[in-house]
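Let me begin by presenting the structure, written as structure tokens, before commenting on it.
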Amino acid sequence: MTLLSGNEARSGSADDAEDPAGGPAAAALDPVVDRQLDTVWRRSAVDAKLDRLAEAVDQFRAEAPRLARWGEHLARVLVDGGRLLVAGNGGSAAEAQHLTAELVGKLHDDRPAYSAIALTAETSSLTAIGNDYGYERVFARQVEAHGRPGDVLILISGSGRSRNLIAAAETARERGVTSWAMTGALPNPLAMCCDDALAIQCDAQTAQELHLVAVHLVCEQVEAALPATEMRTGHRAGRGVRR
């Protein structure tokens with residue numbers, strides 16, 4: 001049995017059977033069959049995924065003011081000699097490293113380096129802490145070591161339910177470190193534990209994809225805010241005194 005694509009089903013072919021009156025066979029004109037073939041043709045997995053992403057992007061636009069505030073605040077922290085800490089699990093761990101790479105390196109023009117640490121990347125510390133204190137403490141212990149009052153901690157999670165990230169947020173509060181979460185749908189415990197949260201009402205995979213967009217937008221805003229921040233503080237970014 002040969003299956004036709006949606007286009008072929010609608011347009012017909014040279015081999016289409018004809019009824020005695022010279023028209024196409026009755027099955028080819030059946031509107032129910034045509035609709036079913038049209039649905040299969042149009043609603044592929046790729047189409048469905050792109051629809052979910054487009055819907056989430058429309059919602060994500062409303063978060064622009066929050067991301068702008070984050071970028072401006074982070075610029076002030078870094079110019080004053082503060083530090084950004086970032087953590088996540090799995091794909092979010094890669095996004096944590098992506099974020100710190102943009103700040104230690106650069107997004108666009110050359111500039112002084114910023115102090116930013118991905119807590120997922122220090123494998124010896126990560127495994128030692130996990131071995132001695134349990135996996136739930138792998139980020140909290142590093143926040144305790146590196147975080148100072150006024151620093152910023154960004155925690156990335158599609159589900160917002162990772163216990164090691166929640167523990168890190170609790171340690172940040174104890175240390176006077178500002179904590180921000182990037183999560184998927186609310187409610188989730190990580191968003192509730194942090195000082196502020198970018199929470200996207202969609203599935204975890206789509207949220208993770210938009211978290212990468214958020215990473216770039218925060219870095220864009222940091223660099224946009226840099227000239228005014230330097231003028232206000234009287235020194236260049238990365239040249240402040242470490243607390």
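Quick note: residue numbers are just sequence positions, from 1. In what follows, every heavy atom counts, from backbone to side chain, and hydrogens, waters and symmetry copies are set aside.
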Nearest heavy-atom contact between Ala140 and Thr171 is CB-OG1, 3.4 Å
Heavy atoms of Ile129 and Arg137 approach each other most closely as CG2-O, 3.5 Å
inquiry  = I'd like to know if Arg66 and Glu63 make a salt bridge, using a cut-off of under 4.0 Å between side-chain N and carboxylate O.
reply    = yes
Just how far is it from atom [atom1] of [X] to atom [atom2] of [Y], taken to the nearest 0.5 Å?
{"X": "Leu74", "Y": "Leu67", "atom1": "CG", "atom2": "CG", "answer": "12.0 Å"}
{"X": "Leu155", "Y": "Ser179", "atom1": "CG", "atom2": "OG", "answer": "6.5 Å"}
{"X": "Gln205", "Y": "Leu53", "atom1": "CD", "atom2": "CG", "answer": "9.5 Å"}

Between [X] (side chain only) and [Y] (backbone N and O only), is there a donor and an acceptor less than 3.5 Å apart?
{"X": "Arg52", "Y": "Asp47", "result": "no"}
{"X": "Ser125", "Y": "Glu122", "result": "no"}
{"X": "Thr127", "Y": "Thr123", "result": "yes"}
{"X": "Ser162", "Y": "Asn164", "result": "no"}
{"X": "Asp80", "Y": "Gly82", "result": "no"}
{"X": "Glu102", "Y": "Cys219", "result": "no"}
{"X": "Asp151", "Y": "Arg83", "result": "yes"}

query: So His73 and Trp180, side chain to side chain contact (heavy atoms under 4.5 Å, CB included) or not? Walk me through it.
result: CA-CA 12 Å; His73 179 88; Trp180 300 333; 3.6 Å; yes
Exercise answer: donor-acceptor pairs, residues 207-214 side-chain atoms, under 3.5 Å, sequence neighbours excluded:
unit_1, atom_1, unit_2, atom_2, d
Glu209, OE1, Lys49, NZ, 2.9
Glu209, OE2, Lys49, NZ, 3.3
His211, ND1, Ala207, O, 3.4
His211, NE2, Thr183, N, 3.4
His211, NE2, Thr183, O, 3.1

| message | Using the rule given for side chain to side chain contact (heavy atoms under 4.5 Å, CB included), can you reason through Ile154 versus Leu85, listing the C-alpha separation, both sets of side-chain angles and the distance that settles it, and then say yes or no? | response | CA-CA 6 Å; Ile154 295 181; Leu85 306 175; over 6 Å; no
Within the 4.5 Å heavy-atom criterion, are Tyr114 and Leu226 side-chain neighbours or not?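 They are in contact (side-chain heavy atoms under 4.5 Å apart), so the answer is yes.
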Problem set entry | Side chains of Met182 and Ser157 in contact at under 4.5 Å (non-hydrogen atoms) | no
Can you tell me if [atom1] on [X] sees more than 12 non-hydrogen neighbours from other groups inside 6.0 Å?
{"X": "Asp58", "atom1": "CG", "answer": "yes"}
{"X": "Arg69", "atom1": "CZ", "answer": "yes"}
{"X": "Glu55", "atom1": "CD", "answer": "no"}

Practice problem: Kindly indicate, with the supporting measurements, whether the criterion side-chain hydrogen bond (donor to acceptor under 3.5 Å, both in side chains) is fulfilled by His108 and Glu223. | Solution: CA-CA 8 Å; His108 294 302; Glu223 295 198 348; 5.1 Å; no
Co-membership, hydrophobic cluster, residues [X] and [Y], 4.5 Å side-chain:
{"X": "Trp70", "Y": "Val177", "value": "no"}
{"X": "Leu153", "Y": "Ile156", "value": "no"}
{"X": "Leu107", "Y": "Leu217", "value": "no"}
{"X": "Leu126", "Y": "Ile117", "value": "yes"}
{"X": "Val215", "Y": "Val104", "value": "no"}

>> Run Leu198 and Phe60 through side chain to side chain contact (heavy atoms under 4.5 Å, CB included) and show every step you take.
In response: CA-CA 9 Å; Leu198 167 71; Phe60 182 74; 4.2 Å; yes
Can you find a side-chain donor-acceptor pair between Ser92 and Asn89 that sits under 3.5 Å?
->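 Per modelled atom types, Ser92 and Asn89 side chains form no pair under 3.5 Å.
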- Sequence neighbours excluded, every pair satisfying salt bridge (Lys or Arg N to Asp or Glu O under 4.0 Å) that has a member inside residues 167-179: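 For residues 167-179: none.
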Please assess Leu99 against Leu103 for the test side chain to side chain contact (heavy atoms under 4.5 Å, CB included), listing each intermediate value before the final yes or no. CA-CA 7 Å; Leu99 174 51; Leu103 294 172; 4.2 Å; yes
